[in-house]
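Below, chain A is the first sequence line, B the second, and so on; all start at residue 1.
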Amino acid sequence: MPELPEVETVARGLQARLQGKRLLSFTLNRRDLRKPVPPGLKNKLEGRRVEAVSRRAKYILVHLDDGGVLIAHLGMSGRLVFSDPQHPRPAEPHDHAVFGFEGGVELRLNDARRFGLLDYATESNLAAHKLFRHLGPEPLGPEFDGDLLSKLLKGKKTPIKAALLDQRVVAGLGNIYVSEALYGAGISPRRLAGTVKGERAGRLASAIRDVLTRAISAGGSSLRDYVQASGELGYFQHHWAVYGKEGEPCPDCDCRPGIKRIVQAGRSTFYCAKRQR
DNA sequence: ACGAGAACCTGTTTGC
DNA sequence: TGCAAACAGGTTCTCG
């Protein structure tokens, strides 16, 4: 489920709850996630204190007090669920890993489809790590603008929809927010990526930043209650302009038959054919 | 070299 | 109602 805004929200929630806490135990119930959980992870984690939690692309980074970094990715179905003495939760199917902290606080990684992963790196090698080496820029980073986006897209003959899903081009966008950003910028998802430049690229960069920023705000405001209610991190309600709205009227023009759904590179795309060119 | 498509998994929704 | 097919927010490998 999680794209950049959800992962950012989860990382902030973890930061608030775990910073300064010592990790006492790590239990792995199954090793075969998207890729095997590295052997020896338990020894690298137990006894360490959490210094900070951050995000890169759709990866959660837990920075430890010895320079180690726990890397977590939630794939499509991954969730992080807290359980503690005040709000205990029963163990559930697909709880693949359990992190035990001081004070009886447990954080559980639950992931039915097992497209998520756990990995480990050191602070000094982080940027060169296999998972991060090829990632494009952060769309909310200070250098991300129309000029940079034009350069990233230059010469690409794939549809802009597919290009924006490619983490080597921009890091953190997923299927929902690509549709939303293209709608916001008034750009057809079928347009060839290489033709998005100049003023059009500027509009797209702005729309990407806008859509992500608003989603993070929505997540941040709903996170507190949601965590208290259920102990889960990572799911919250959004209102989307086009995603999942096939057949509904475009919010901006009352065109018929409204929002269209097409399949590109095996994934659903939603857009308004009148507004997006 | 590049882009489209399949593959990896399980759970839920849709359609006959 | 029951069953099978389609579909799901990600990433990575293979094939043409």
Open item on the list: Assess whether a salt bridge exists between A/R89 and A/D95, defined as any Lys/Arg side-chain N lying under 4.0 Å from an Asp/Glu carboxylate O.
Closed with: no

Open item on the list: Rounding to an integer number of Å, can you tell me how far A/I60 CD1 sits from C/dG10 P?
Closed with: 14 Å

Task: Candidates C/dA8, C/dG10, B/dA4 - which lies nearest the side chain of A/P159 - done: B/dA4

TODO: Looking only at side-chain atoms of A/K58, point me to the closest of B/dC9, C/dT11, C/dT12.
DONE: C/dT11

Open item on the list: Measuring from the side chain of A/K156 (C-beta onward, heavy atoms only), which nucleotide among B/dG3, C/dA8, C/dG10 has the closest atom?
Closed with: B/dG3

Task: Interatomic spacing from CG in A/L182 to SG in A/C272 - rounded to 0.5 Å - done: 12.5 Å

Open item on the list: Nearest to the side chain of A/Q167, heavy atoms from C-beta on, is which of C/dG10, B/dG11, C/dT11?
Closed with: C/dT11

- [ ] State whether the number of non-hydrogen atoms from other residues, nucleotides or ligands found under 6.0 Å of A/R190 atom CZ is greater than 12.
- [x] no

Task: Spacing between A/I176 atom CD1 and C/dC7 atom P, to the nearest angstrom - done: 17 Å

Task: Rounded interatomic separation in angstrom, taking CD from A/E6 and C1' from C/dA8 - done: 14 Å

Task: Pairwise P distance for C/dT14 and B/dC9, with rounding to whole Å - done: 15 Å

Open item on the list: For B/dC8, is there a stacking contact with A/F115, counting only centres under 5.5 Å and planes under 30°?
Closed with: yes

Task: Under 4.0 angstrom between A/H94 side-chain N/O and B/dG11 OP1 or OP2 - done: yes

- [ ] Using only side-chain N and O atoms of A/S77, determine if any of them is under 4.0 Å from OP1 or OP2 of C/dA8.
- [x] no

Open item on the list: Could you check whether A/R214 pairs with A/D210 (Lys NZ or Arg NE/NH1/NH2 to Asp/Glu carboxylate O, under 4.0 Å)?
Closed with: yes

TODO: Mind calculating the distance between OH (A/Y177) and P (C/dG10) to the nearest angstrom?
DONE: 10 Å

Task: Candidates B/dG11, C/dT12, B/dC9 - which lies nearest the side chain of A/R34 - done: C/dT12

Open item on the list: If the threshold is 4.0 Å, N to carboxylate O, is there a salt bridge linking A/D252 and A/K274?
Closed with: no

TODO: Figure out the CZ/P separation between A/R114 and B/dG11, and round it to whole Å.
DONE: 10 Å

Task: Same-atom distance (P) from B/dA6 to C/dA6, integer angstrom - done: 13 Å

Open item on the list: Please tell me if A/K157 has a side-chain N or O lying less than 4.0 Å from either OP1 or OP2 of B/dG3.
Closed with: no

- [ ] Report the relative orientation of the aromatic rings in A/H129 and A/F132; use parallel for angles under 30°, tilted for 30 to 60°, perpendicular for over 60°.
- [x] tilted

- [ ] Report the distance from atom CZ of A/R190 to atom C1' of B/dG3, rounded to the nearest whole Å.
- [x] 17 Å

Open item on the list: Looking only at the side chain of A/H73 (C-beta and beyond, no hydrogens), which of the listed nucleotides B/dC9, B/dG11, C/dG10 gets closest?
Closed with: C/dG10

TODO: Classify the nucleic acid contact of A/G266 as base, sugar-phosphate or nothing, counting any heavy atom under 4.0 Å across all strands shown.
DONE: nothing

- [ ] Both distances under 3.5 Å, Watson-Crick or G-U wobble: report the partner of B/dA7, or none.
- [x] C/dT11

TODO: Please tell me which of the listed nucleotides, C/dG10, B/dA4, C/dT12, lies nearest to the side chain of A/T158?
DONE: B/dA4

Task: Phosphate contact (B/dG5 OP1 or OP2) by A/R267 side-chain N/O below 4.0 Å - done: no

